[in-house]
Amino acid sequence: MSRKLRVAVVGAGPAGVYAADILTKNEDVDATVDLIDRDPTPFGLIRYGVAPDHPRIKEIVKALKRVMANPDIRFFGNVAFGDDIKLEDLRQFYDAVVFATGARRDRELDIPGIDLDGSYGAADFVYWYDGHPDVARDWDFQPHAKEVAVLGVGNVGLDVSRILAKTAEELLVTEIPENVYEGLKKNATTDVHVFARRGPAQVKFTPMELRELSHSPNIDVIVHPEGFEFDEGSMEALKAAKSQKLVVDVLTKYLATEPSGAPHRIHIHFCQSPVEVLGEDGKVVGLRTEITELDGTGNVRGTGEFKDWPIQAVYRAIGYYSDVLAGLPFDAAAGVVPNDGGHAIDLDGSPIPGVYVTGWIKRGPVGLIGHTKSDAAQTIGMLVDDIDALEAPEHAEPEAFDRYLDSRGLEYTTWEGWEKLDAHELGLGEAHETERERVKVVPREDMVRIARA
Ligand code: NAP
C-alpha cells in the first residue's frame with residue numbers, strides 16, 4: 001500500500017487502546033489509528049468502571065498514556081457511535097473499523113419486584129460514584145435503607161459492597177467528585193448482604209479484592225456457614241485453579257474470624273438464589289431467595305425452601321451487558337457482536353468486510369483489563385491478514401475525518417484536550433482543602449468546554 005492504512009477504533013477504553021498500540025507497532029504494516037469514543041475522555045472502564053478506591057488499577061492509565069503519545073494514534077472524544085456517526089460514515093474514511101465498545105449496562109434479572117423503588121443495577125451505581133456525565137448527579141440513598149442486598153459474587157459485587165460499606169470520609173481521599181462525596185454522606189447502610197447462588201468454590205471474586213474488604217477499619221466481613229460446602233465439582237475447581245483455592249482460603253479465614261465490632265458489616269451468604277424482590281407501597285422491603293444445594297458438578301439445584309431477608313435496597317451485580325451497535329448484528333443471549341475471534345460476522349456466518357471486534361463486545365463481560373491485550377492481538381492479527389482484501393476508503397487522508405466532524409458541527413475532544421482536562425482535574429485535587437490527587441469534573445458540557453478551551 002502506498003499510503004498508510006487508516007483504521008478507526010470505536011471505544012477508547014483499554015481494549016481499544018491496546019488494539020491501536022498493537023496495530024501501530026506491527027512492523028509489517030504502516031498504519032494510523034483514530035480512537036473514537038462517546039465519552040469526552042479516553043480510558044473507558046478505567047475512568048468509569050474501576051472503583052475510586054482502587055488507585056493501583058487506575059495506574060494502568062500510565063501505560064495507556066505512553067501508547068497515546070504515538071503520533072500515529074489520535075483521539076476523538078464526545079463522538080457517539082450510532083448517534084453522531086454511523087458505520088457507513090466511518091467507511092468513507094477508514095480501511096477498517098474495530099469495535100471495542102465494551103459492556104456498560106447491567107444484565108437484566110427477570111424476577112418479580114426487580115423494578116421496585118430501591119432496586120438498582122450495579123453498573124448504574126458504579127457510573128454514579130465514578131462520576132460519569134450521563135447519569136443523574138444524586139444517588140437515591142434512602143435514610144431507612146440500613147440493610148442492603150448485593151446479588152452476585154463477582155468483583156463488581158465486591159466493589160459495590162465495599163463502596164456501600166465504607167464511609168464518605170474514607171472515600172474522600174480518592175478522586176470522587178464533590179457530588180458523590182456529598183451523596184455518600186447520605187448512605188445509611190450498616191449491613192451489606194452479598195448473595196451467591198452457588199457455593200464458595202464457585203465465586204468469581206479474585207483473592208486480592210476479597211482480602212482487601214477487611215482493610216477498612218469500618219468493615220467487618222462475616223461469612224455465614226450455611227451453604228459453605230464443597231461437592232466433587234468444587235474440589236475439582238479448587239484443584240484446577242490456584243486463584244480459586246486462594247479465594248476459598250480467604251473466605252475460610254473470614255468464616256473463622258470473630259467480628260471486631262466495626263460499625264459496618266459485609267455478610268456473604270452462599271447457596272441462596274434470588275427469586276423475588278419484596279415490596280410494599282412500591283418500595284423494596286425484602287428479598288426472597290430459594291435455598292440451593294450443590295449437585296455434585298459445582299452447579300446447584302433449588303431445594304424448594306425459601307427464605308425472606310429484611311433488606312431495604314437491592315443492587316444486582318450479576319454481570320454487565322453490551323449495547324447493540326447500530327448497523328451490526330447482535331447476539332442477544334451472549335451480549336456480543338457475533339464474531340469468529342476477531343471479524344464481526346453476519347447472521348449467515350460470513351465475515352463483514354473491514355469490521356472487527358475486540359474486548360467485551362467480542363467475548364462478553366468477563367476477564368481482567370490485562371486480558372484484553374491478548375484479545376486485541378488476535379483481532380489485529382486477523383485485520384493484518386486481511387489487508388490486501390480491505391476496500392480503500394473514499395477519503396484516506398487523516399484530516400478528512402476532522403473536516404467531516406467539523407462540518408457536522410460535532411464538538412469533539414482530542415488528546416490535547418484530554419491533557420488540558422487532566423491537568424485541570426489534578427489542579428482541583430491540589431487546591432482541595434484535603435489535598436486530594438484529583439477531583440473529577442462530571443458535567444459533559446464542562447468537560448468539553450475545558451478540553452476545547
Ligand atoms: P462476574 O465475575 O461474571 O460475576 C457475576 C456474578 O453474578 C457471578 O457470581 C454469577 O454467579 C452471578 N449471577 C449471574 N446471574 C445471576 C442470577 N440470575 N442470580 C444470582 N446471581 C447471578 O461479573 P462482574 O462482577 O460484573 O465482573 C465482570 C468482570 O470484570 C470480571 O472479570 C471481574 O473480575 C472484572 N472486574 C475486576 C475488578 C477488579 O479487578 N478489581 C473489578 C470489577 C470487575 P454464577 O457464577 O453462579 O453465574
Side-chain angles (χ1 to χ4, degrees), residues 13-15 44-60 102-114 119 121-127 129-130 149-163 193-213 215 227 233-234 237 241 243-244 247 251 268-277 287-295 297-302 314-322 333-335 359-361 363-372 375:
L45 179 89
I46 301 186
R47 186 172 162 99
Y48 293 124
V50 172
D53 58 346
H54 275 169
R56 190 187 48 80
I57 304 180
K58 289 189 186 269
E59 291 277 290
I60 297 173
R104 52 187 208 123
R105 281 194 286 137
D106 286 293
R107 183 171 272 281
E108 298 290 332
L109 178 61
D110 189 15
I111 58 173
I114 199 71
S119 169
D124 291 337
F125 186 50
V126 171
Y127 265 180
Y129 65 60
D130 268 340
V150 172
L151 313 182
V153 283
N155 282 331
V156 173
L158 277 192
D159 282 348
V160 165
S161 304
R162 205 179 58 252
I163 300 292
H193 296 269
V194 187
F195 291 95
R197 62 177 172 180
R198 298 194 281 158
Q202 287 79 37
V203 300
K204 302 270 176 66
F205 304 146
T206 42
M208 198 161 67
E209 277 65 26
L210 183 60
R211 234 178 264 126
E212 182 205 345
L213 280 191
H215 295 176
S234 303
S243 62
Q244 201 63 32
V247 167
L251 288 170
I268 306 179
H269 305 280
F270 294 99
C271 291
Q272 303 284 342
S273 181
V275 292
E276 183 172 356
V277 181
L287 176 75
R288 179 165 298 158
T289 56
E290 180 174 14
I291 300 171
T292 61
E293 59 188 12
L294 289 158
D295 67 0
T297 69
N299 274 320
V300 284
R301 57 182 160 239
V314 177
Y315 290 75
R316 67 176 192 283
I318 60 161
Y320 282 116
Y321 194 75
S322 295
W360 282 3
I361 188 68
R363 64 188 155 82
V366 283
L368 304 178
I369 292 169
H371 295 149
T372 50
D375 201 16

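In each ligand, atom 1 is the first atom listed, and ligand 1 is the first ligand listed.
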If you take all heavy atoms of [X] and [Y], which pair is closest and at what distance?
X      : Y      : answer
Val300 : Arg197 : CG2-O, 3.4 Å
Cys271 : Gly227 : SG-O, 3.8 Å
Tyr320 : Ala123 : CE2-CB, 3.1 Å
Leu294 : Arg301 : O-NH2, 4.0 Å
Gly152 : Val194 : O-CG1, 3.7 Å

Close-contact set for ligand 1 against [X] heavy atoms, below 4.0 Å:
X      : result
Ile57  : 39 (C), 40 (O), 41 (N)
Pro274 : 19 (N), 20 (C)
Gly152 : 6 (C), 7 (O), 12 (C)
Val366 : 32 (O)
Leu368 : 34 (O), 37 (C), 40 (O)

Validation row: [X], [Y] side chains within 4.5 angstrom (heavy atoms):
X      : Y      : value
Val153 : Val247 : no
Pro52  : Ile163 : yes
Arg198 : Asn299 : yes
Tyr321 : Asp106 : no
Leu158 : Thr206 : no
Gln272 : His193 : no

How far is [atom] from the closest protein heavy atom, and which atom is that?
atom                    : value
atom 10 (C) of ligand 1 : Lys204 NZ, 4.5 Å
atom 9 (O) of ligand 1  : Val153 N, 3.0 Å
atom 25 (O) of ligand 1 : Val156 N, 3.0 Å
atom 15 (N) of ligand 1 : Arg197 NH2, 3.4 Å
atom 4 (O) of ligand 1  : Gly154 CA, 3.5 Å
atom 40 (O) of ligand 1 : Glu209 OE2, 3.6 Å
atom 46 (O) of ligand 1 : Arg198 NH2, 2.8 Å
atom 22 (C) of ligand 1 : Ile318 CG2, 3.5 Å

Could you tell me whether ligand 1 has any atom less than 4.0 Å away from a heavy atom of [X]?
X      : value
Thr206 : no
Ala317 : yes
Asp159 : yes

Quiz prompt | N/O separation below 3.5 Å, Trp360 to ligand 1 | solution = no

Practice problem: Walk me through it: do Leu151 and Leu287 pass the test side-chain contact (heavy atoms from CB on, under 4.5 Å)? | Solution: CA-CA 10 Å; Leu151 313 182; Leu287 176 75; 3.8 Å; yes

Self-check item: For ligand 1, the portion of Pro365 having any non-hydrogen atom under 4.0 Å away
Solution: backbone

Quiz prompt | Residue part near ligand 1, for Leu109, under 4.0 Å between non-hydrogen atoms | solution = side chain

